[in-house]
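Just so it is clear, the model here is predicted, and its values are computed rather than measured. We number each residue from 1, following the sequence as shown. Heavy-atom basis, side chains included; hydrogens, waters and symmetry copies ignored. Just so you know, ligand 1 is whichever comes first in the structure, and atom 1 is the first atom listed for that ligand.
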Amino acid sequence: MDGTALARRVSERTAALAAKITERTGTAPCLATVLVGEDPASVTYVKMKQNRCAKAGITSRHVELPASTTTEELVAALTALSEDPEISGILLQHPVPHHIDERAAFEAIAPGKDVDGVTMHSFAAMGFGLPGFVSCTPGGIMRLLAEYDVDLTGKHAVVVGRSAILGKPAGMLLLEQNATVTYCHSRTVDLPSIVRQADVLVAAVGKAEFIRGEDIKPGAVVLDAGYNEGNVGDVHFESAAARASLITPVPGGVGPMTIAVLLEQTVQAAAAQAGLELADL
Ligand SMILES: Nc1nc2c(c(=O)[nH]1)N[C@@H](CN(C=O)c1ccc(C(=O)N[C@@H](CCC(=O)O)C(=O)O)cc1)CN2
């Protein structure tokens with residue numbers, strides 16, 4: 001599955017909508033990117049997001065905070081952005097330094113600006129199958145599945161990973177499309193035996209090439225949401241590709257879609273804040 005190509009198409013539509021919003025309101029949609037500390041991978045991802053914003057006609061305002069920032073200071077910064085009428089959407093790059101209460105920080109993002117889909121409000125909307133902002137990587141996964149006409153009804157979807165912004169929401173979105181979902185995690189007993197049953201496998205473990213081809217069911221659809229050092233996924237690509245019917249590579253699969261969904265939701269937020277219906281633009 002070619003995430004780069006699909007992300008390009010999604011971003012072209014996003015750019016066209018951003019241009020129309022700018023024309024109608026006199027102001028371009030604006031994404032606030034918040035980075036705490038200097039984790040090199042996070043610095044790279046935030047830069048990638050800013051570059052893609054610029055290409056799509058979305059302005060970005062970057063807030064860089066030192067690694068010593070307290071939870072209270074981060075909450076104050078996010079609250080100020082939530083109240084700033086110039087800001088359409090807010091991204092707090094994960095992970096934040098360990099001493100910070102990341103959940104408290106995410107909750108300081110106004111639901112209407114939660115274009116990264118990380119608040120409890122967005123999580124509940126995903127769980128109830130209601131409209132709202134989705135977590136970007138799970139949202140990108142669902143777009144890839146739709147693009148490649150993967151019918152999820154009755155399929156056994158196995159999600160390996162249970163993080164609040166990736167594994168858990170991915171399972172909820174798959175369930176909403178009538179898949180039968182199994183979550184696996186670090187305490188799962190005999191993980192390979194469950195992975196082998198997956199018609200659809202979402203790998204969100206955070207361990208390079210952790211899932212090998214011998215554990216992929218022949219014909220399975222494999223989505224590798226891993227972003228380990230050196231651009232290595234959670235799935236051993238060559239061996240898994242030999243058995244899967246569809247598979248996302250790393251790089252070029254789920255990653256580009258994560259950013260495409262972020263930009264798309266930023267434009268949706270800007271339209272909603274301006275009282276514009278996207279369908280009328
Ligand atoms: N607040 C958030 N934090 C994090 C998220 C997120 O969705 N929201 N996801 C990950 C990292 N991430 C975005 O932040 C991310 C990782 C990788 C890619 C990507 O496109 N990777 C490329 C390869 C990289 C390159 O070209 O240099 C690919 O897979 O093709 C995008 C986003 C953790 N934090």
Handout entry: Short N or O distance, Leu92 and ligand 1, threshold 3.5 Å exclusive
Key =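 In this structure, Leu92 places an N or O atom under 3.5 Å from an N or O of ligand 1.
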Looking only at protein heavy atoms, which one is nearest to [atom], and how far off is it?
atom	result
atom 20 (O) of ligand 1	Gly255 C, 3.1 Å
atom 9 (N) of ligand 1	Thr137 OG1, 4.3 Å
atom 14 (O) of ligand 1	Lys49 NZ, 2.6 Å
atom 3 (N) of ligand 1	His94 N, 3.1 Å
atom 8 (N) of ligand 1	Asp116 OD2, 3.0 Å
atom 30 (O) of ligand 1	Gly252 N, 2.6 Å
atom 4 (C) of ligand 1	Gln93 NE2, 3.5 Å

Exam field: side chain [X] to backbone [Y], donor-acceptor pair closer than 3.5 Å:
X	Y	value
Asp114	Thr119	yes
Ser88	Ala270	no
Asp215	Pro192	no
Thr266	Gly89	no
Arg162	His185	no
Ser82	Ala108	yes

Practice task
Would you sort out whether Val232 and Phe237 count as a side-chain contact (heavy atoms from CB on, under 4.5 Å), showing the intermediate values?
Solution key: CA-CA 9 Å; Val232 179; Phe237 185 80; over 6 Å; no
Problem - Pair Arg8 + Glu12: basic N to acidic O under 4.0 Å - result: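 Salt bridge absent between Arg8 and Glu12.
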Practice task
Heavy-atom contacts with Pro256 under 4.0 Å: which atoms of ligand 1 show up? List them by number with element.
Solution key: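 Counting from 1, the qualifying ligand atoms are 20 (O), 28 (C), 29 (O), 30 (O).
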Problem - Those atoms of ligand 1 less than 4.0 Å from some heavy atom in Ile259 - result: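 In order of numbering, the contacting atoms are 31 (C).
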Exercise for the section: Using a 4.0 Å heavy-atom cut-off, say whether Leu91 meets ligand 1 through its side chain, its backbone, both or neither. Expected result: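 It is the side chain that gets close, since no backbone atom is under 4.0 Å.
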Heavy-atom nearest option to [atom], drawn from [options]:
atom	options	result
atom 25 (C) of ligand 1	Asn231, Val115, Val46	Asn231
atom 5 (C) of ligand 1	Val34, Val96, Ile165	Ile165
atom 12 (N) of ligand 1	Tyr227, Phe106, Tyr45	Tyr45

Practice task
Please test Ile216 against Val222 for side-chain contact (heavy atoms from CB on, under 4.5 Å), starting from the C-alpha separation and ending with a verdict.
Solution key: CA-CA 8 Å; Ile216 303 291; Val222 178; 4.0 Å; yes
Problem - Given Gln93, Lys49, Glu64, Gln50, the one that forms side-chain hydrogen bond (donor to acceptor under 3.5 Å, both in side chains) with Thr33 - result: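 With Thr33 as partner, side-chain hydrogen bond (donor to acceptor under 3.5 Å, both in side chains) holds for just one option, Gln50.
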Handout entry: contact_flag Thr258 ligand 1 heavy-atom lt 4.0 Å
Key =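 Thr258 counts as a contact of ligand 1 under the 4.0 Å cut-off.
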